[in-house]
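Please read the structure below before turning to the comments.
Counting convention: from 1, in listed order, for ligands and their atoms alike.
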Amino acid sequence: VRLRDAPSPNHDARPEGAPIDVLVLHYTGMPDEAAALARLTDPAAEVSAHYLVSEDGAVTRLVAEARRAWHAGVSQWRGHSGLNGRSIGIEVVNPGHDWGYRDFPALQLGALSALCRDILARHPIPARNVVAHSDIAPDRKQDPGELFDWKGLARDGVGLWPGPWQGAAPSAAEAPALLARIGYRTDLPLPVLLRAFQRHWRPARVDGVADAETLARLAAVAGAASPPA
Ligand SMILES: [Zn+2]
């Protein structure tokens with residue numbers, strides 16, 4: 001991965017003894033890359049990420065991995081909260097839902113995949129902890145959204161993308177327990193959680209409804225994230 005540096009002042013020390021075991025993917029959600037880079041390096045904005053991946057595949061390092069970047073905000077995954085302390089954050093340039101959400105170019109996804117594989121080689125990050133901002137903040141965030149190629153990343157060894165569910169179809173009543181097994185917080189309305197889940201693992205329809213396909217997908221992802229002992 002060829003890196004250029006654009007140091008952001010927006011970082012601090014990681015908590016003592018915290019492992020780096022979560023990788024959080026975002027979109028920038030700004031009209032263009034220049035605006036996003038300006039914000040991610042503006043001390044007044046108090047936001048950052050470790051890396052920014054351009055639409056042409058350029059990778060910019062903003063914060064050293066040893067430091068805590070400020071990208072996740074109020075967040076929760078697998079019982080941990082405040083995930084900046086234990087995560088690496090990558091901003092993927094895309095205008096997002098507010099400014100003209102569009103496909104992520106192949107060059108960008110290729111560079112992102114290589115960057116993620118580098119990071120996974122350096123830190124003990126399990127596949128189930130490669131997450132969207134929307135997974136860890138389902139009530140606030142939609143990024144990187146349903147156009148993001150999670151399946152392609154998983155083909156490269158980055159994140160979870162199980163095949164079709166072969167077992168018995170779960171009932172709708174089992175949805176909260178399956179979401180919890182994957183890692184979602186469960187103290188939010190079920191449709192909010194289901195939309196976050198669908199955005200990542202069933203992007204064809206993001207409607208918050210526990211239909212048969214969503215339930216089967218939930219079972220498949222839960223089985224891959226937390227296999228029965
Ligand atoms: Zn984000």
Is the closest side-chain donor-acceptor distance between Glu146 and His97 under 3.5 Å? yes
Just jot down the salt bridge (charged side-chain N to carboxylate O under 4.0 Å, His left out) partners of Arg102, sequence neighbours excluded, or say none. Glu55
Is there a donor in the side chain of Ser226 and an acceptor in the side chain of Arg78, or the other way round, less than 3.5 Å apart? yes
Could you confirm whether Asp143 has any N/O/S atom lying under 2.8 Å from the Zn ion (ligand 1)? yes
Would you say the Zn ion (ligand 1) has His133 as a near neighbour, meaning an N/O/S atom of that residue under 2.8 Å away? yes
Need the atom name: nearest N/O/S atom of His26 to the Zn ion (ligand 1). ND1
Regarding Glu33 and Ser54, is there a side-chain donor-to-acceptor distance under 3.5 Å anywhere? yes
